[in-house]
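Values in this document were obtained by computation on a predicted structure and should not be read as measured data.
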Amino acid sequence: MRNAPTILHLDMDAFFAAVEQASKPSLRGKAVVVGGLGPRGVVATASYEARVFGVHSAMPMAQARRLAPNAAYLVPRFTLYRAISEQVMALLRELSPLVEPLSLDEAFVDLEAGGTAWDEESARRAGEKLRADIRAVTGLTGSVGLAASKMLAKIASEQAKPDGLVLIEPGTERDMLAPMPVRTLPGVGPATGDHLRRAGITTVRELAEAGEDELVRLLGKAHGQALYAMAHARDERPVVAEREAKSVSVEDTYDVDIHDRLRVGLEVQRLADRCVRRLRGAGLSGRTIVLKVRRYDFSTLTRSETLRGPTDDPAVIREAAARLLDSVDTTGGVRLLGVGVSGLADYTQEDLFAQAMPVRVVEEPEEAAVEAEAEQPEAAERQWRAGQDVRHAEYGPGWVQGSGLGRVTVRFETPQSEPGRVRTFFVDDPALSSAEPLPLVADPSHPPTCPGPPNSARRGVPPRTPEERRDREEPRGRAESRGGPDEVRGSGGVRVTEEVCATEEAGDGGRASVPGEVRARGDTRIWEREEGPGREESRGQVSSEPASLPKSWSGSGGEEAVSRP
DNA sequence: TCTGGGGTCCTAGGACCC
DNA sequence: TCTGGGGTCCTAGGACCC
């Protein structure tokens, strides 16, 4: 272990909720809960204001609604979170080439490897500068932990939350850890925690005193040894920048259990296609197909099948998934289905055949079908989800507060505006369309990588501070200037409903969605249409590096790439 | 209170091979 | 002929993380 606190862990504060508050001025200082809005949704992130009521991530949404009935409940907008995450990761890469993202809102940085820090003093400086830069570029806050190892840096950032920095001085680690509960250590979850408690071990000190043999006996070799080392503040894991994906999977939890076996089969086919799209999108193929089934009683089982070689052929993967389903009893109903592929490679067996064969077999019909389904025509079903970005031909940009009974309520405000007003429309109002997120900070020198705002949003000198930003609100300034005449759509003009907007009190931003209203129409799962629910983040970064070859094919190292046609 | 989605790693048993 | 040990692969399940 190094003797200077030069491993940095960054953790953005209540990331999803903080992004929503930055985007929606009426929600600042309010309880905001981001997550699945369906009957089986769970909380992805709760703002600190919502945590006061006891709401926390992974909690069932129904429970959150009971605890904080007046909070704003919003669907996650992953596209925006990813764009902001990319801005943050870019700042980290300015500190060091060794950046290891753990999720959209978390990463390790090896400051020493970047030459950015070599002792306590320089590490603290780098950490504080990073926090300031993140605030300037994104308008958000992040907490920083600095220590001599990954484990300790992560514990430090946890202690620093929210909006702080904690540095653990080398030499003090063991004393600091000793009184902490075992659950503080990464890798100790509910099951291990219980296990240890039954053995009379509740603190890190007791863990350290138990001895390695005892821990191995209790928890198994790998876990026991790892925990014993961590309890003694020993952690030599390096910061690793590029990690290759090992599996790709998709799954859906249904609002209502599926009993119809035929329907179960159809869903599995859909999931197989979706999985293939993800696989291909990452330029990968895989050998092992996995089917996951969660039954009505939450019991979960998996079935897998390994092919002779890797594939990304939708027909092959669908058939494998169907075969696997044959071996599963689904009587009683199914609440979740999933399809995954592991044993990944960055080439397919077909590629190898193609090398040998002069003529490539062309385009199976499946491919076209998959492509077509990839683009979910959003106009097909006009469903408005709480939190979603929209634009109105007359009123400009806003977001959906709620919908139901054929109406949709929109609050018109932007990241740089004052808290906006609420108006209600028919759900099929032609003047209303979904829109791209607006950038949180209007600064052209750090544009988000997702589709940005109309040019008019970026005109002028960007504000540098939150105060300055607040002073320069341009109410609806960009509403009229996007695009040309084609922007005025529909012939019927604006069709505002009779209740046009009971403009709400500015203080009432909390009631953003009425429980249950956004999920009208049976078991249609509206909020997952675009990206699916998620908690704080989803990993799945897939590097463009060539995946290693399956051992059986590659002789020794497996790093030498197969040349592609 | 009733439990998401996307991952990683580990364990354990059986098959198979040497 | 009987007994065996080690290594790798496959499958299933479980814990954990965000």
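Distances from the side chain of Ser304(A) to the nucleotides dC18(C), dC10(C), dA12(C) place dA12(C) closest. Listed candidates were dT8(B), dG7(B), dT11(B). Nearest to the side chain of Lys246(A) is dT8(B). Listed nucleotides dT11(C), dC17(C), dG6(B) differ in distance to Thr288(A); the shortest reach to its side chain belongs to dT11(C). Nearest nucleotide to the Pro190(A) side chain, out of dC18(C), dC16(C), dT1(B): dC16(C). Which of dC17(C), dC10(C), dT11(C) sits closest to the side chain of Arg287(A) comes down to dC10(C). With dG5(B), dT3(B), dG6(B) as the choices, the nucleotide that has an atom nearest any side-chain atom of Val42(A) turns out to be dT3(B). Distance from the side chain of Arg335(A) is smallest for dT3(B) among the nucleotides dT3(B), dT1(B), dG7(B). For Arg40(A), counting side-chain heavy atoms from C-beta on, the closest listed nucleotide (dC18(C), dT3(B), dG7(B)) is dT3(B). Side-chain atoms of Arg303(A) lie closest to dG13(C) of the nucleotides dG13(C), dT11(B), dT11(C). Listed nucleotides dG5(B), dC18(C), dA12(C) differ in distance to Asp252(A); the shortest reach to its side chain belongs to dG5(B).
For the pair Thr192(A) and dA15(C), the criterion of a side-chain N or O lying under 4.0 Å from OP1 or OP2 is not met. For the pair Ser249(A) and dG7(B), the criterion of a side-chain N or O lying under 4.0 Å from OP1 or OP2 is met. The phosphate of dT1(B) (OP1 or OP2) has no side-chain N or O of Arg65(A) nearer than 4.0 angstrom. Phosphate contact (OP1/OP2 of dC16(C), side-chain N/O of Arg183(A), threshold under 4.0 Å): absent. Under 4.0 angstrom from either OP1 or OP2 of dG14(C) there lies no side-chain N or O belonging to Thr300(A). Applying the 4.0 Å criterion to OP1 and OP2 of dT8(B), one finds that Ser247(A) has a side-chain N or O inside that range.
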May I have the step-by-step check of side-chain contact (heavy atoms from CB on, under 4.5 Å) for Asp389(A) and Arg77(A), ending in yes or no? CA-CA 9 Å; Asp389(A) 288 293; Arg77(A) 294 185 295 161; 2.3 Å; yes

Determine whether Met61(A) and Leu37(A) satisfy the following criterion, side-chain contact (heavy atoms from CB on, under 4.5 Å), listing intermediate values before the conclusion. CA-CA 7 Å; Met61(A) 211 47 125; Leu37(A) 299 185; 4.1 Å; yes

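Arg294(A) comes within contact range of the sugar-phosphate backbone alone, with a heavy-atom separation under 4.0 Å but no base atom that close. Lys292(A) comes within contact range of no nucleotide atom at all, as no heavy-atom separation falls under 4.0 Å.
Within the cation-pi definition used here (under 6.0 Å to the ring centroid, within 45° of the axis), Arg82(A) does not qualify as a partner of Phe78(A). Geometrically, Arg335(A) does not engage Phe298(A) in a cation-pi contact, judged by NZ or CZ lying under 6.0 Å from the ring centre and within 45° of the ring axis. Figure legend: Arg51(A) and Phe53(A) shown without cation-pi pairing, the cationic atom not lying both under 6.0 angstrom from the six-membered ring centre and within 45 degrees of its axis.
The aromatic ring of Phe298(A) is stacked on the base of dT3(B), with the two ring centres less than 5.5 Å apart and the planes inclined by under 30°.
Between Leu307(A) and Leu301(A), the residue whose closest nucleotide on DNA chain C is further toward the 5' end is Leu307(A). Nearest-nucleotide mapping onto DNA chain B: of Gly220(A) and Gln63(A), the residue sitting toward the 5' end is Gln63(A).
Using a 4.0 Å cut-off between charged side-chain N and carboxylate O, Lys30(A) and Glu20(A) make no salt bridge.
Atom-to-atom, CG of Leu279(A) to P of dG7(B) comes out at 10 Å; the value is rounded to the nearest Å. Remark: P of dC9(B) and CG of Leu227(A) are 18 Å apart, rounded to the nearest angstrom. Put simply, NE2 on His9(A) is 11 Å from C1' on dC17(C), counting in whole angstrom units. Spacing between atom CZ of Arg243(A) and atom P of dC17(C) amounts to 14 Å, rounded to whole angstrom units. One interatomic measurement links the two molecules: CG of Leu291(A) to P of dC10(C), which rounds to 19 Å at whole-angstrom precision. Atom pair Glu251(A):CD and dG7(B):P shows a separation of 9 Å (rounding to whole Å applied). As a whole-Å value, the separation of Arg278(A) CZ from dG5(B) P is 12 Å. Spacing between atom CD of Glu106(A) and atom P of dT8(B) amounts to 16 Å, rounded to whole angstrom units.
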Atom pairs and distances, donor-acceptor, side-chain atoms in residues 233-240 of chain A, under 3.5 Å, two or more places apart:
| residue | atom | partner | partner atom | Å |
| --- | --- | --- | --- | --- |
| Asp235(A) | OD1 | Arg237(A) | N | 3.2 |
| Asp235(A) | OD1 | Arg237(A) | NE | 2.8 |
| Asp235(A) | OD2 | Met151(A) | N | 2.9 |
| Asp235(A) | OD2 | Arg237(A) | NH2 | 3.0 |
| Glu236(A) | OE1 | Met1(A) | N | 2.9 |
| Glu236(A) | OE2 | Met1(A) | N | 2.5 |

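Atom-to-atom distance recorded for Ile155(A):CD1 and His9(A):NE2 is 11.0 Å, nearest 0.5 angstrom. Note: Leu215(A) CG to Leu227(A) CG = 6.5 Å, rounded to the nearest 0.5 Å.
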Under 3.5 Å for both distances, Watson-Crick or G-U wobble, that's the pair rule; now give the dot-bracket for DNA chain B, with | marking pairs to another strand and [ ] for crossing ones. ....||||||||||||||

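To the nearest whole angstrom, the two C1' atoms, one in dC16(B) and one in dG4(C), are 15 Å apart.
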